[in-house]
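Just so it is clear, the model here is predicted, and its values are computed rather than measured. One-based numbering, in listed order, for ligands and for the atoms of each.
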Amino acid sequence: MTSITEKVNELSVDLDKVNSLGILRLLRQCDSQIFSGYLDYQSIVDKEIEEEVILLVERIVEQLNQGFSINVVSTGAGTSGRLAFFISRSFNKILKEKGYENQVKFNYLIAGGDLCLTVGMEGAEDNIHQAVNDIKSQLNQENDKEIIVYIGITCGFSAPYVAAQLDFLLNENTKENAKKQHIISLMGFNPIELARKLKIEKWEYSFNDIVERLNKLKHQQESKSRNYFILNPIFGPEPLTGSTRMKSGSGTKILIELIFSLVLNHWKSNEFKLQLNGDHQQHSLKSKYYLILKNYEQTCRETYYNIEPLSKVIESVGNSLKKRSHLYYLAPESLGIVGFIDASETLPTFGARPLDVCGFLMNSSGEEGWSVMNNREGDLSSVSDQYKISQKDFTNRVLPNTTQDDTIVISIGSIQQLNQFKSEIVPSLIQHIKPNQSVNLIYFKQDNNDDKILDKEITELSNSNFTSNINFIKIQLSNSEIISGLPCFYEISLKWILNSLTTGGFVLAGKVYGNRMIDLGLTNNKLFYRSCGIINSIMKLNDEELARKYLICSVYSINSINDIPQEILELPVYRHIEYCEESKIKSIVPVALLLASGKFSSPSLIRDEICKQPIIRLLLDQHKPK
Ligand code: S6P
C-alpha cells in the first residue's frame with residue numbers, strides 16, 4: 001500500500017491545468033489539511049498526538065529538573081535535515097541570550113553534512129555508515145548527567161539515515177550496562193504500518209523493522225517515565241506528489257517548535273513566556289498546545305489571504321524559468337535561511353539547474369553570509385558559486401548580471417530590516433534592475449504601533465520615483481513570535497509563500513504533470529522507486545516492473561526493454577544510482593516516460609527532442625496514451 005506521503009492528493013490533481021491563482025487556491029486547500037487532518041487518520045489536533053507531545057515535553061522537563069543537561073539532536077536527510085539545522089539554530093540563540101546553553105543545547109545532523117544545507121544532494125540519505133558516525137559524535141560518554149533527546153525526522157518514515165541512528169541509539173539504551181537513558185523520538189507523517197517495508201540496501205533491516213522495535217519499547221514502559229516516542233500526525237498527501245518539503249516540512253517545523261516552546265516554557269515559565277494571541281489565562285500544557293496550534297493555523301489562513309498579489313509573482317517566476325532565467329531570494333536572518341532552503345529543493349524536485357533559484361542572506365549585526373548561519377562547518381563559500389550566499393554576492397555578483405527576465409524576491413519583517421534594505425540594497429537595485437523586471441518586496445507586519453511606522457515608511461518608499469519598479473506585498477499576520485526571539489510565524493508564512501513560488505513557477509514552466517514531478521533526480525533509493533511509480537501511472541502501464549525497465553533503458557541509453565542485458569537488470573538499485581551520478585546523465589525520467597510511449601526508437605532521439613522542446617509537459621501531452 002502506498003504511504004500517505006507518497007500518495008496523490010485528490011485536491012490538487014489539476015495542478016498543471018490551472019493558472020497561478022488556481023495553483024495558490026489548490027495549495028491553500030492542501031495546506032489546510034495540516035490542521036484539519038486527512039480522512040479519518042489522527043491529525044495534529046487529535047488526542048493521540050497531543051498526548052504523545054505532552055508526555056514527551058513532561059519527560060524532558062522532568063529530566064532537566066533532575067539535574068540532567070540535555071543535548072537535543074534533531075536529524076534527517078534533505079529538507080528534514082535542513083529544518084533540523086534551522087530550528088536548532090533558532091533555539092540555541094534564545095538559550096544563549098538567557099544563559100541556559102549549558103543545560104540545554106541543540107545540535108543538528110544532516111545526511112551529507114553542511115554541504116547539503118544549501119544544496120540539494122539526495123544521495124546521502126542512504127548512507128548508513130555516515131549516519132552512525134554522525135550520531136556517535138553526539139554521545140558524551142564522559143558525562144553521565146548529559147543525555148540526548150533524539151528527534152529523528154523522516155517525513156515518509158523511510159530514510160535509512162534516520163533508521164540507522166535509531167537502531168544505534170536503541171542499542172545504546174538497551175545495553176545491559178547502560179549508564180543513562182536517552183530520550184528517543186521518531187517524527188514522520190505516516191501511520192506506523194505504512195513505514196517503508198523494503199529492506200534497506202547494504203543493511204539488514206527495513207525502516208518498518210526499526211519503527212516496530214521502537215513501538216514495542218514504547219509500549220513496554222510506563223507512560224510517565226517513557227523514553228520512546230513516535231510523533232506521527234497525518235497531514236495528508238503532498239500537493240505535488242511526494243514533495244515532502246511542502247506540507248510535511250511545514251508540519252516538521254510546527255511540531256518541533258511546538259514541542260520545544262512548551263519544554264522551555266514549562267521548565268522556566270518566567271524566562272520563556274509564550275507570546276501568543278488568545279486566552280493567556282490558560283495554564284495547562286494541553287491548553288497551551290492548542291493555543292500554539294491555533295496561532296499557526298491563523299498564520300496559514302492569513303498568508304493565503306494574499307493570493308492575488310502572490311499569483312503575479314508566480315507568473316513572473318514561471319516566465320523566468322521558462323526562459324531559463326533565474327529566481328533570486330534575499331532576506332535577513334532566519335527569513336534568509338528559509339529562502340535558500342526553498343531554493344535548494346528545486347534541484348531534486350524539478351531537475352532545476354544549480355543556479356536557477358538561489359537564496360542570499362542580508363548582513364546582520366555586523367555578520368555576513370555563512371557567519372549568519374552559525375553552522376557547524378563554517379564558511380563554505382569557496383566550494384562553488386552555489387555556496388556564495390552573502391549580501392555582497394547578491395549586490396556585487398548577481399545584480400550587475402541580472403536580466404529583465406530574472407525575478408527577485410526580497411523579504412523583511414521589521415523596521416530595522418526595512419532601513420537596511422533602503423540603505424544597503426536599494427542603491428544597487430536602482431543601478432542594476434531593468435525596466436519591467438519583476439522585483440518584489442514582501443514585508444511582514446503585525447497590527448501594533450511599531451509596525452504602523454513600518455507601514456508608513458513602506459508607503460513613502462513605494463511613492464518615491466526610485467522604487468517605482470518594486471512591487472510591495474504586505475503580509476499582515478496576527479502574530480510573529482512564539483517565544484520572544486523566535487519569529488516562527490513570519491518564518492512559516494514565508495515558507496508557505498516561497499514553496500508556492502517555486503512549485504507554481506516550475507508548474508508553469510512545464511516541470512509537473514498533473515500533480516506529479518516529471519524531472520526529478522534519480523539520486524537515492526526512494527527517488528528510484530518514486531520514478532518507477534511516476535512512469536507506471538502517467539504512461540498507464542499498470543506494471544511496475546515494466547516501468548522499472550523503461551527507467552533502466554533511460555539510465556543506460558538502451559533502445560528497447562528487450563535489449564537490457566540480464567546483468568544490468570539484476571543490479572541492485574544503488575548501482576543504478578551510482579551510475580547516474582558518475583555519468584551525470586540528465587532528464588532520466590522524461591526520457592523513460594517518452595520511451596514508454598512507444599513513439600520513439602531510442603533514448604538519444606528523445607534527448608534531441610528534449611533539446612528542441614524542453615517543456616516536458618508539452619512533449620508528454622503529444623505522446624502520452626489517451
Ligand atoms: C522532499 C525533499 C527531500 C526530502 C528527503 C528526506 O521534498 O526534496 O530532500 O526532504 O528525501 O525525506 P524524509 O521523508 O526522510 O523526510
Would you say the side-chain atoms of D126 and N525 include a donor-acceptor pair closer than 3.5 Å?
no

Any idea how Y108 and F85 line up, ring-wise: parallel (<30°), tilted (30 to 60°), or perpendicular (>60°)?
perpendicular

If the cut-off is 4.0 Å to any non-hydrogen atom of A159, which atoms of ligand 1 fall inside it?
15 (O)

Does anything in residues 183-203 pair up under ring pair (Phe, Tyr, Trp, His ring centres under 6.0 Å), and if so which pairs, sequence neighbours excluded?
F189-F235, W203-Y205

Numbering the atoms of ligand 1 from 1, which are under 4.0 Å from a heavy atom of K526?
5 (C), 6 (C), 11 (O), 12 (O), 13 (P), 14 (O)

Which atoms from ligand 1 have a heavy atom of A77 less than 4.0 Å away?
5 (C), 6 (C), 10 (O)

For ligand 1, which is the ligand I care about here, please tell me if C155 has any N or O atom under 3.5 Å from one of the ligand's N or O atoms.
yes

With K253 as the cation and F86 as the aromatic partner, state whether NZ or CZ is under 6.0 Å from the six-membered ring centre and within 45° of the axis.
no

Min N/O separation R82 to ligand 1 under 3.5 Å:
no

No-hydrogen, no-angle side-chain donor-acceptor test under 3.5 Å, E315 and N19:
no

Closest heavy-atom approach to atom 11 (O) of ligand 1 among E6, E345, M517, E125 is made by E125

Kindly assign one of parallel, tilted or perpendicular to the pair F260 and F91, based on the angle between their ring planes and the thresholds 30° and 60°.
perpendicular

Show which atoms of ligand 1 fall inside a sub-4.0 Å distance from at least one heavy-atom site of S243.
7 (O)

State, to 0.1 Å, how close V162 and T75 come at their nearest heavy-atom pair, and which atoms those are.
CG2-O, 4.2 Å

Report yes if T79 has an N/O atom closer than 3.5 Å to an N/O atom of ligand 1; otherwise report no.
yes

Which residue owns the protein heavy atom closest to atom 16 (O) of ligand 1, what's the atom, and how far is it?
S80 OG, 2.6 Å

Specify the protein heavy atom at minimum distance from atom 15 (O) of ligand 1: its residue, its atom name, and the distance to 0.1 Å.
T154 OG1, 2.7 Å

Mind checking whether Y296 and F489 have ring centres under 6.0 Å apart?
yes

From the options L520, T244, L240, T349, select the one whose nearest heavy atom is closest to atom 4 (C) of ligand 1.
T244

Closest candidate by heavy atom, reference atom 14 (O) of ligand 1, pool G156, G120, C116, G242:
G156

